[in-house]
Student: 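Below is the structure I would like to discuss, written out as structure tokens.
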Amino acid sequence: MSQYKSNSYPVDATQEQVFNRLSNPTILADKIEALPDDVKEKLSSVKFNPDSIVFNVPPVGEIKMVFSKVEAPNRLTIAPESSPVPFSMSIDIDATADGKASLATCIDVELNFFMKQMVGNKLNDGVDKIAEMLARLPYGE
């Protein structure tokens with residue numbers, strides 16, 4: 001398996017707040033309206049369900065991600081219900097010295113040598129954009 005890790009991004013909330021929100025995606029759906037327009041636009045095709053997140057990936061179509069492992073309060077791992085390529089994404093939530101949180105994502109994906117050459121850089125960029133977007137979500141009470 002190949003692993004692609006994002007940078008770590010600061011979050012304006014505690015580790016527990018971030019974990020509680022991300023482990024129940026329907027809570028986030030209610031908060032999207034308060035986000036800046038550019039972020040709302042990026043999330044327009046995402047559906048937040050109690051046990052899953054569904055998003056559209058052109059040209060693949062809809063992908064339903066379900067929680068495959070939950071380690072409170074510092075890690076959530078999600079994986080697709082079905083996918084032609086085995087992969088999972090972990091969301092790591094760390095507490096910082098100032099009582100806030102930082103967030104990073106990591107994708108583990110099974111790619112052959114040629115696929116790795118073709119999409120490796122795009123996965124590096126994508127995993128970082130996901131972490132940045134998650135860090136910008138409103139987590140406060």
Student: Could you tell me whether the side chain of Leu22 reaches within less than 4.5 Å of the side chain of Phe67, counting heavy atoms only?
Tutor: no
Student: Within the 4.5 Å heavy-atom criterion, are Ser2 and Phe87 side-chain neighbours or not?
Tutor: no
Student: Decide yes or no for Val11 and Lys100: does some side-chain heavy atom of the first lie under 4.5 Å from some side-chain heavy atom of the second?
Tutor: no
Student: Using a distance-only test with no angle check, is there a side-chain donor-acceptor pair under 3.5 angstrom linking Tyr9 and Asp128?
Tutor: yes
Student: Supply the atom-to-atom distance Ile93 CD1 to Thr105 OG1, rounded to the nearest 0.5 angstrom.
Tutor: 11.0 Å
Student: Could you tell me whether the side chain of Leu111 reaches within less than 4.5 Å of the side chain of Leu123, counting heavy atoms only?
Tutor: yes
Student: Using 0.5 Å steps for rounding, measure from the CD atom of Gln3 to the CG atom of Asp108.
Tutor: 4.5 Å
Student: Using a 4.5 Å cut-off on heavy atoms from C-beta on, say whether the side chain of Asp38 contacts that of Arg136.
Tutor: yes
Student: Would Lys64 and Glu62 pass as an ion pair if we require N to O under 4.0 Å?
Tutor: no
Student: Less than 4.5 Å apart, side chain to side chain, heavy atoms only: is that true for Leu103 and Tyr139?
Tutor: yes
Student: More than 12 foreign heavy atoms under 6.0 Å from CG of Asn121: is that the case here?
Tutor: no
Student: Determine whether Ser102 and Pro10 make a side-chain contact, defined as any pair of heavy atoms from C-beta on separated by less than 4.5 Å.
Tutor: no
Student: Between Asn74 and Phe19, is there a side-chain heavy-atom distance shorter than 4.5 Å?
Tutor: no
